[in-house]
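Structure first, then comments.
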Amino acid sequence: MTNRKEKGQLIVLSGPSGVGKSTVVAELMGLRPGLRFSVSYTTRGPRMGEQDGVNYHFVTREEFQRKIRDGELLEYASYVDHDYGTGEREVQEMLDRGQDVLLDIEVNGARQVRARRPDALLIFIVPPSFEELSRRLHRRNTDSEAVIQDRLAKAKAELECVPEYDYLVVNDKVSQAVEELHAILTAAECRVENRRFILSRFQ
Ligand code: ADP
Ligand code: 5GP
């Protein structure tokens, strides 16, 4: 008897830069070994500690434009001077293998995914306060003050998109946020449309 799903769940996680998405996703992957992270394409340069092919595929603007032209991206958007996008084939292959796939993408990309894949699950993650978001961006120490200010301004606009999402998680304590994400994904997995393969045992 197999518990393998026929199709994986597509999950979108959005939230302002510095809220802690990478931090909670890293812990969530430990709790859910079947979960796969979609490695996006970006034209921004790697931050300290970031690896090509692990955190992002770092590409030139020309290569990014070619991907758009050739229809290779499921969604794409600009974010503070750089382009970011999700490779459609890679995501589809994982879903077809029955693996859940998590996209860490901003709000315009999330909207495109919602339109193209209505069965995707959209989760938004917020900080406990705007002041705490600013503290985290400064403490991370990966961006210049100008970039941090751009990202904080962007955060205000992004928060207005929360009503378009299915779930809202507050990243106050990492462990609590991870637990809530884990619960959301477990509940999604139990939806009847995701468990039809179990019914075939009783036929
Ligand atoms: P994002 O991926 O959303 O841009 P990061 O995961 O890089 O954010 O987190 C930004 C900074 O905030 C990092 O220095 C991280 O260690 C810290 N951080 C993440 N979650 C929390 C939390 N719940 N409490 C305090 N600091 C946090
Ligand atoms: P960062 O530069 O901090 O890694 O990411 C900046 C923003 O781009 C974050 O909000 C992140 O979620 C978003 N992002 C990362 N990859 C993608 C992607 O493939 N598509 C879209 N639309 N946004 C992305």
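Hydrogens, waters and symmetry mates are skipped; everything else that's a heavy atom, side chains included, is used. Indexing begins at 1, ligand by ligand and atom by atom, following the structure's order. Just so we're clear, the structure is a prediction, and the values are computed from it rather than from any experiment.
- Ligand 2 lies out of reach of His82, whose nearest heavy atom is not under 4.0 Å from it.
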Go through Arg135 and Glu132 one step at a time and tell me if the side chain to side chain contact (heavy atoms under 4.5 Å, CB included) criterion holds. CA-CA 5 Å; Arg135 270 195 293 279; Glu132 173 61 12; 3.0 Å; yes

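- Side-chain atoms of Leu185 and Gln9, non-hydrogen and from C-beta on, never get closer than 4.5 Å to each other.
- Taking a cutoff of 4.0 Å between a charged side-chain nitrogen and a carboxylate oxygen, Glu193 and Lys7 do not qualify as a salt bridge.
- Within 6.0 Å of atom CZ in Phe64, more than 12 heavy atoms from other residues, nucleotides or ligands are found, so the atom counts as buried in its surroundings.
- In this structure, the protein non-hydrogen atom closest to atom 20 (N) of ligand 1 is Asn171 ND2, 3.1 Å.
- From the protein, the heavy atom lying nearest to atom 16 (N) of ligand 2 is Ser40 OG, 3.1 Å.
- The protein non-hydrogen atom at the shortest distance from atom 15 (C) of ligand 1 is Thr23 OG1, 3.7 Å.
- Note on Asp100 versus Arg36: no salt bridge recorded, every NZ/NE/NH1/NH2 to OD/OE distance being 4.0 Å or above.
- Remark: minimum distance from atom 2 (O) of ligand 1 to any protein heavy atom is reached at Ser22 OG, 2.6 Å.
- Ligand 2 lies out of reach of Gln112, whose nearest heavy atom is not under 4.0 Å from it.
- Qualifying ring-ring contact (aromatic ring centres under 6.0 Å, His included) partners for Phe58, counting only residues two or more places apart in sequence or in other chains: Tyr56.
- Atoms of ligand 1 lying under 4.0 Å from any heavy atom of Arg139, numbered from 1 in the order shown and given with element: 26 (N).
- Heavy atoms of Tyr56 found under 4.0 angstrom from ligand 2 belong exclusively to the side chain.
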Would you sort out whether Leu102 and Arg32 count as a side chain to side chain contact (heavy atoms under 4.5 Å, CB included), showing the intermediate values? CA-CA 11 Å; Leu102 189 142; Arg32 302 185 72 89; over 6 Å; no

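- Under the 4.5 Å side-chain heavy-atom criterion for grouping Ile, Leu, Val, Met, Phe, Trp and Tyr, Phe124 is connected to Leu122 within one hydrophobic cluster.
- Within ligand 2, counting atoms from 1 as listed, the ones closer than 4.0 Å to a heavy atom of Arg44 are 1 (P), 2 (O), 4 (O).
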For Glu62 and Gln65: C-alpha separation, side-chain torsions, deciding distance, then whether side chain to side chain contact (heavy atoms under 4.5 Å, CB included) applies. CA-CA 5 Å; Glu62 293 69 37; Gln65 289 305 315; 5.8 Å; no

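- Looking at ligand 2, you'll find an N or O of Arg47 within less than 3.5 Å of one of its N or O atoms.
- Protein heavy atom nearest atom 20 (N) of ligand 2, with residue, atom name and distance: Glu75 OE2, 2.8 Å.
- At least one N or O atom of Gly85, backbone or side chain, sits closer than 3.5 Å to an N or O atom of ligand 2.
- Counting heavy atoms under 4.0 Å from ligand 1, residue Val24 does not touch it at all.
- Among protein heavy atoms, the minimum distance from atom 23 (N) of ligand 2 is reached at Glu106 N, 3.1 Å.
- In terms of protein heavy-atom proximity, atom 8 (O) of ligand 1 is nearest to Gly20 N, 3.1 Å.
- Annotation for Ala177 and Val170: closest pair CB-O, 3.8 Å, computed over non-hydrogen atoms.
- Contact annotation: Thr86 has at least one heavy atom less than 4.0 Å from an atom of ligand 2.
- The hydrophobic cluster containing Met94 does not contain Ile11, counting ILVMFWY residues as joined when their side-chain heavy atoms lie under 4.5 angstrom apart, directly or transitively.
- For atom 4 (O) of ligand 1, the candidate residues are Arg140, Lys21, Arg151; the nearest heavy-atom contact is made by Arg140.
- Contact annotation for Lys154 and ligand 2: no heavy atom of the residue comes within less than 4.0 Å of the ligand.
- Of the N or O atoms in Asp104, none lie within a sub-3.5 Å distance of an N or O in ligand 1.
- Counting atoms of ligand 2 from 1 in the listed order, those under 4.0 Å from a heavy atom of Ala77 are 22 (N).
- Residue Ser17 comes nearest to Tyr79 through the heavy atom pair CB-OH, 3.5 Å, listed as atom of the first residue, atom of the second, then distance.
- For the pair Lys67 and Tyr76, the cation does not sit on the ring face, since its NZ or CZ is not both under 6.0 Å from the ring centre and inside 45° of the axis.
- For ligand 1, the polar-atom distance check finds no N/O of Lys173 at less than 3.5 Å from any of the ligand's N/O atoms.
- Only the side chain of Arg151 comes within 4.0 Å of ligand 2, counting heavy atoms alone; its backbone N, CA, C and O stay farther away.
- The distance criterion of under 3.5 Å between nitrogen or oxygen atoms is met by Arg136 with respect to ligand 1.
- Residue Lys21 approaches ligand 2 through these ligand atoms, each under 4.0 Å from one of its heavy atoms: 12 (O).
- Of all the atoms in ligand 1, the ones that sit under 4.0 Å from a non-hydrogen atom of Val174 are 20 (N), 21 (C), 22 (C), 23 (N).
- Contacts of Tyr84 with ligand 2, taken as heavy-atom pairs under 4.0 Å, involve both backbone and side chain.
- The contact set between ligand 1 and Asp172, taken as ligand atoms under 4.0 Å from a residue heavy atom, comprises 22 (C), 23 (N), 24 (N).
- Residues Val113 and Glu75 approach most closely at CG2-CG, 3.7 Å, considering heavy atoms.
- The contact set between ligand 2 and Gly109, taken as ligand atoms under 4.0 Å from a residue heavy atom, comprises 22 (N).
- Considering all non-hydrogen atoms of both residues, Asn55 and Gln51 come closest at OD1-N, 2.6 Å.
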Please evaluate residues Arg140 and Arg47 with respect to the criterion side chain to side chain contact (heavy atoms under 4.5 Å, CB included), reporting the C-alpha separation (whole Å), side-chain torsions for both, the decisive distance (0.1 Å), and the verdict. CA-CA 11 Å; Arg140 186 168 70 184; Arg47 293 190 185 121; 3.4 Å; yes

Using distance only, find each side-chain donor-acceptor pair of residues 155-163 under 3.5 Å and give its atom names and separation, not counting sequence neighbours.
none

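- In terms of heavy-atom proximity, Leu31 sits nearest to Pro33 at O-CD, 3.4 Å.
- Residue Ser17 approaches ligand 2 through these ligand atoms, each under 4.0 Å from one of its heavy atoms: 3 (O).
- Of the candidates Ala177, Gly18, Ser17, it is Gly18 that places a heavy atom closest to atom 10 (C) of ligand 1.
- Here the protein heavy atom with the shortest distance to atom 11 (C) of ligand 2 is Asp104 OD1, 3.5 Å.
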